[in-house]
Engineer: 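My questions all concern the structure below.
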Amino acid sequence: MMWTKPYGMKEGFLIGGGLVIAGLMLQLSAGPVVWDAFRWPVNGIVLAVFLLFIAVIFMLRKRVYGFQFLGTYKAAIPALVYAVVLTIVMGLTPQTVSGTWFNNMLSFWPFVLIYVYITVILGQVVLLKVKRIVSHNNSLTTYLSPLTSLLSHLGLFLALTTATLGNADMQRLKMITVQGEPEWRALTTDQQVVEMPLAIELKKFIMETYDDGKPRRFASDIQILTRSGKNIRTTIDVNKPVVVEGWKIYQYGYDTQMGPLSQTSILELIRDPWLPLVYTGVYLMLAGAVCFMLLAIPWTAGWRQARKHPKRALAIALVIAAAFFCVHHFMPILHSDTLVPALQSPWFRPHIIAYMLAYTLMASSAVIAIYQLITHHSPLTTHHSPLTAVGLSLITIGMLFGALWAKEAWGHYWSWDPKETWAAITWFAYLVFIHYRQLPTHRPRLALWMLIVSFLLLQMCWWGINFLPSAQNSSVHVYGQ
C-alpha cells in the first residue's frame, strides 16, 4: 500500500512527480523563473530563509515522518532520477532565451523545483552527518566514512545554493579596446553601455601562431587606470586573467580578419561577489572525492582476493588495461602538438587525466556488468564496487578541475554549456547507481543495468556531444569548430 510507513521508492517518485506537476502549474500561471529578481539583498534573505527552513525540517523529523524520509536513500534516488531525465532534456535541446519551455530549462519551474528538492535533501543529509559525528565518541577510523560523506554533501550543498543565488549578482561585461585609445565603457549581455570605474588602453595586441597558421597564443599588452589612482601595466593572456579592484579581466577575442595585425582586443570583465562561497563548496567536494576514492580502494582485501583468485584478478586487470588503451587511443587531444590557447592551462592535464582514468574504470565496470548479465554470475553489486566508486571519485575530481579551469579561461565555473550539461547527467546517473546499491533490498540485475545505462550516457559526454544540434556553435568544448 502507498504512504504506509516506512515510505519506499514509490513514495519518493510520487513526491518528485508532484513537484514536476506543481512546476508545470507555476509555469502556466506565473511564467518562467525570473532569476534577475534575486539580486542582493533578496538572494541573501532567500538563503537565510532556506537555511532556516532546512533546520526546522531537521528538528521536526521525529514528529513528522515525511521530514524524516527526506534524509533517506529512498527519497534521494527518485530525486536524482528526475534530475537526470530533466537534464537530459536540457542536453538534447538548444538553450536559448526565446523558444519553448525546454529551450530555457534554467527558468523552467519543474527543473528548478527538482534541484531545490535535491538541495533540501542534501541539507538534511549534512545535518544528519554532523549529528552522527558529534554524538558518537568513536575511533578515528569510525569517523572517516561519515566525515567523507559530510565533505561531499556539504560541498555540493554550498556550491548549488551559492552559485544559483549568487548568479544574479554576477556582472559580466565586454570591453572593446582599440590600440592607443583609453576605454571607460563596456557592454552588458543585452548590449547596454556601462561606464566602468577603470579605463583600459590597449598598447599592443600579441599573437603567435603554429606553422599551419592556427593561433598558439593571443594576448593584450594593456594599461589600466582606476579612479583610485592606480596605474597598472600588464599583459592578459587566455587562461591568465588579471584582477583589479574586484574585477577579473579576461582576454576574450580580437579582430579575426586582421589576425596578428589586429589593433583591436575584446576583453571580458567579470565581478562575482559570491565566488569565495562557491569555491569553498568546490574545495570541500574535492576533499570529499579524494577521501571517498581512498576509502573505496580495497587495499588489503583486494590483495587477498587477488591471491585467492589469481585468474579472476588477471581477467579484471586485462579488462582495465584494454579499457585504458581504448580511452587513451580515442582521446586525440592528449597527443596534439597544436593546442588552442584555451587548452594551454595548468588545469588541462589534471582534468584530462582524471577523466581518462575515470572512463577506464567505468568502461571496465560496464564490461563486467555485461558479462555478469549474460553469464548470470554473482553480480558485482552485491558488495561495494571499487571500480565504480573510484571511477565516480575521479569523475568528480575531473569535473571540479574543469570548473576551476573554466573560471580561469572563460570567467565562469559552470555555465550549463552542452558538455557541462552531459557531464552533470553522467555524474547524477552514477550517483543513482551508488545510492541504489546501498539499499538492502536493491535488485542486483537492475543495478547492473544502471551501470550500463550510465556508461552509455558517459559516451554522450565523451564524444557524442560533438554531433548534437544543441552543441553546434554554442559549446566552447567543441574545439574543432
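None of these values were measured; they are calculated from a predicted model.
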Engineer: ring-ring contact (aromatic ring centres under 6.0 Å, His included) between Tyr355 and His351: does it pass, once the steps are laid out?
Structural biologist: CA-CA 6 Å; Tyr355 266 118; His351 171 70; 5.1 Å; yes
Engineer: How long is the span from the NZ atom in Lys129 to the CD atom in Gln124, to the nearest 0.5 Å?
Structural biologist: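 Answer rounded to 0.5 Å: 13.0 Å.
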Engineer: Find the distance between OG (Ser454) and CD1 (Ile425) and round it off to the nearest 0.5 Å.
Structural biologist: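 It comes to 11.5 Å.
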Engineer: Can you confirm whether more than 12 heavy atoms, excluding those of Arg185, are under 6.0 Å from its CZ atom?
Structural biologist: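 Open: at most 12 neighbouring heavy atoms sit under 6.0 Å from CZ of Arg185.
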Engineer: Between Lys203 (side chain only) and Arg233 (backbone N and O only), is there a donor and an acceptor less than 3.5 Å apart?
Structural biologist: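 Here the side-chain-to-backbone pair does not exist.
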Engineer: Using the ring of each side chain (for Trp, its six-membered ring), is Phe38 parallel, tilted or perpendicular to Trp35, with breaks at 30° and 60°?
Structural biologist: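 Taking Trp35 first and then Phe38, their aromatic rings sit tilted (interplane angle of 30° to 60°).
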Engineer: Does the side chain of Ile395 reach to within under 4.5 Å of the side chain of Met362, using non-hydrogen atoms?
Structural biologist: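 SC-SC contact between Ile395 and Met362 confirmed.
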Engineer: Do Asn239 and Trp405 pair up side chain to side chain, a donor and an acceptor below 3.5 Å, judged on atom types alone?
Structural biologist: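 Side-chain D/A pair, Asn239 to Trp405: present.
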Engineer: When you check the side-chain N and O atoms of Thr177 and Glu201, is any donor under 3.5 Å from an acceptor?
Structural biologist: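 No.
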Engineer: State, with a plain yes or no, whether a side-chain heavy atom of Glu408 is found less than 4.5 Å away from one of Lys248.
Structural biologist: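 Yes, their side chains come closer than 4.5 Å.
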Engineer: In terms of side-chain heavy atoms, does Asn231 have a donor or acceptor partner in Gln223 at a distance below 3.5 Å?
Structural biologist: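 A donor-acceptor contact under 3.5 Å links the two side chains.
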Engineer: Does Tyr279 OH have over 12 foreign heavy atoms under 6.0 Å away?
Structural biologist: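 Yes.
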Engineer: Within a radius of less than 6.0 Å around CG of Leu106, do more than 12 heavy atoms belonging to other residues, nucleotides or ligands occur?
Structural biologist: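 Yes, because the 6.0 Å sphere around CG of Leu106 holds more than 12 heavy atoms from other groups.
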Engineer: Just by distance, no angles: are the side chains of Ser228 and Glu245 close enough, under 3.5 Å, to form a donor-acceptor pair?
Structural biologist: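 A pair is found: one side chain offers a donor N or O, the other an acceptor, under 3.5 Å apart.
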Engineer: Can you establish whether the number of heavy atoms outside Trp463 located under 6.0 Å from its atom CH2 is more than 12?
Structural biologist: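 Incorrect, the count does not exceed 12.
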Engineer: When rounded to the nearest 0.5 angstrom, what distance separates CD in Gln95 from CE in Met105?
Structural biologist: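 If we round to the nearest 0.5 Å, Gln95:CD and Met105:CE are 7.0 Å apart.
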Engineer: Any sub-3.5 Å donor-acceptor pair from Ser149's side-chain atoms to Ser145's backbone N or O?
Structural biologist: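 Answer holds: no.
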Engineer: Apply side chain to side chain contact (heavy atoms under 4.5 Å, CB included) to Ile353 and Phe401, showing your working.
Structural biologist: CA-CA 11 Å; Ile353 289 171; Phe401 279 171; over 6 Å; no
Engineer: Would you call Leu128 and Phe58 a side-chain contact if the rule is heavy atoms closer than 4.5 Å?
Structural biologist: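 Leu128 reaches Phe58 side chain to side chain.
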Engineer: Taking everything shown except Lys240 itself, do over 12 heavy atoms lie less than 6.0 Å from its NZ?
Structural biologist: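 Incorrect, the count does not exceed 12.
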Engineer: Taking only residues two or more places apart in sequence, or in another chain, which ones meet Phe428 in a ring pair (Phe, Tyr, Trp, His ring centres under 6.0 Å)?
Structural biologist: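 Testing Phe428 for ring pair (Phe, Tyr, Trp, His ring centres under 6.0 Å), a comparison that skips the adjacent residues, returns Tyr115.
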Engineer: What is the distance from atom CG of Leu343 to atom CD1 of Ile352, rounded to the nearest 0.5 Å?
Structural biologist: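 Here the interatomic distance stands at 7.5 Å.
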Engineer: Kindly determine whether Tyr254 and Thr256 satisfy side chain to side chain contact (heavy atoms under 4.5 Å, CB included), including the steps that lead there.
Structural biologist: CA-CA 6 Å; Tyr254 57 95; Thr256 54; 4.0 Å; yes
Engineer: Are Val20 and Trp109 close enough that some pair of their side-chain heavy atoms sits under 4.5 Å apart?
Structural biologist: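 Heavy-atom side-chain distance check fails, nothing below 4.5 Å.
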Engineer: At their closest point, which heavy atom of Thr388 faces which heavy atom of Ser365, and how far apart are they?
Structural biologist: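 For Thr388 versus Ser365, the nearest heavy atoms are OG1-CB, 3.7 Å.
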Engineer: Where do Asp169 and Trp274 land on the side-chain hydrogen bond (donor to acceptor under 3.5 Å, both in side chains) test, with the steps shown first?
Structural biologist: CA-CA 8 Å; Asp169 291 333; Trp274 289 66; 2.9 Å; yes
Engineer: Is there a donor-acceptor pair closer than 3.5 Å between any side-chain N or O of Gln459 and the backbone N or O of Leu456?
Structural biologist: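 No; zero donor-acceptor contacts below 3.5 Å.
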Engineer: Do you know the tightest heavy-atom contact between Gly155 and Met285?
Structural biologist: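 Here Gly155 and Met285 meet closest at C-CG, 3.4 Å.
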Engineer: Could you check whether any side-chain N or O of Ser220 sits under 3.5 Å from a backbone N or O of Ile222, counting only pairs where one atom can act as donor and the other as acceptor?
Structural biologist: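 No: the side chain of Ser220 does not pair with the backbone of Ile222.
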Engineer: Only one of Phe102, Trp416, Trp422 forms a side-chain contact (heavy atoms from CB on, under 4.5 Å) with Met90, so which one is it?
Structural biologist: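 When side-chain contact (heavy atoms from CB on, under 4.5 Å) is applied between Met90 and each of Phe102, Trp416, Trp422, only Trp416 qualifies.
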Engineer: Taking side chain as C-beta onward, heavy atoms only, is Tyr413 less than 4.5 Å from Val282?
Structural biologist: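 A side-chain contact is absent here, since even the closest heavy-atom pair is not under 4.5 Å.
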Engineer: Looking at Ala289 and Ser152, what are the two nearest heavy atoms and their distance?
Structural biologist: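 Scanning both residues, the minimum pair turns out to be N-OG, 4.1 Å.
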Engineer: How far apart are the C-alpha atoms of Phe205 and Leu261, what are their side-chain angles, what is the distance that settles it, and do they pass the side chain to side chain contact (heavy atoms under 4.5 Å, CB included) test?
Structural biologist: CA-CA 8 Å; Phe205 177 73; Leu261 300 178; over 6 Å; no
Engineer: May I ask you to decide if the ring planes of His412 and Trp410 are parallel, tilted or perpendicular, using 30° and 60° as cut-offs?
Structural biologist: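 His412 vs Trp410 ring planes: parallel.
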Engineer: Any idea which heavy atoms bring Ala296 and Val390 closest together, and the distance?
Structural biologist: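 Nearest heavy atoms, Ala296 then Val390: CB-CG2, 4.0 Å.
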Engineer: Any chance you could measure Ile200, atom CD1, to Glu181, atom CD, to the nearest 0.5 Å?
Structural biologist: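 Taking CD1 in Ile200 and CD in Glu181, the distance rounds to 14.5 Å.
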Engineer: Verify, without hydrogens or angle tests, whether Ser262 (side chain) and Gly259 (backbone) share a donor-acceptor contact under 3.5 angstrom.
Structural biologist: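 Between the backbone of Gly259 and the side chain of Ser262 there is no qualifying donor-acceptor contact (under 3.5 Å).
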Engineer: Looking only at non-hydrogen atoms, find the nearest pair between Ala79 and Ile121 and report the distance.
Structural biologist: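 Closest approach of Ala79 to Ile121, heavy atoms only: CB-CD1, 3.9 Å.
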Engineer: Between Ile270 and Tyr250, is there a side-chain heavy-atom distance shorter than 4.5 Å?
Structural biologist: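 Tyr250 vs Ile270: side chains touch.
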Engineer: Let's go through Glu268 and Arg172 carefully: what are the C-alpha distance in whole Å and the side-chain angles of both, what is the deciding distance for side chain to side chain contact (heavy atoms under 4.5 Å, CB included) to 0.1 Å, and is it a yes or a no?
Structural biologist: CA-CA 7 Å; Glu268 188 168 42; Arg172 183 183 294 273; 3.2 Å; yes
Engineer: Nearest 0.5 Å please: distance from the CG atom of Asn43 over to the OG1 atom of Thr162.
Structural biologist: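 One gets 10.5 Å once the value is rounded to the nearest 0.5 Å.
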Engineer: Looking at every non-hydrogen atom in both residues, tell me the closest pair between Leu286 and Ile397 and how far apart they are.
Structural biologist: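 It is CD2-CA, 4.1 Å.
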Engineer: How about Lys230 and Ile224: do any of their side-chain heavy atoms sit closer than 4.5 Å?
Structural biologist: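 Not touching, per the 4.5 Å side-chain cut-off.
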Engineer: Passes side-chain hydrogen bond (donor to acceptor under 3.5 Å, both in side chains), Thr188 versus Asp190? Steps please.
Structural biologist: CA-CA 5 Å; Thr188 64; Asp190 54 358; 2.3 Å; yes
Engineer: Is a side-chain N or O of Asp237 found less than 3.5 angstrom from the main chain of Ala219, in a donor-acceptor match?
Structural biologist: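 Checking the backbone N and O of Ala219 against the side chain of Asp237, no donor-acceptor pair under 3.5 Å is found.
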Engineer: Could you check whether any side-chain heavy atom of Val120 comes within less than 4.5 Å of a side-chain heavy atom of Phe50, counting everything from C-beta outward?
Structural biologist: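 Yes - at least one pair of side-chain heavy atoms lies under 4.5 Å apart.
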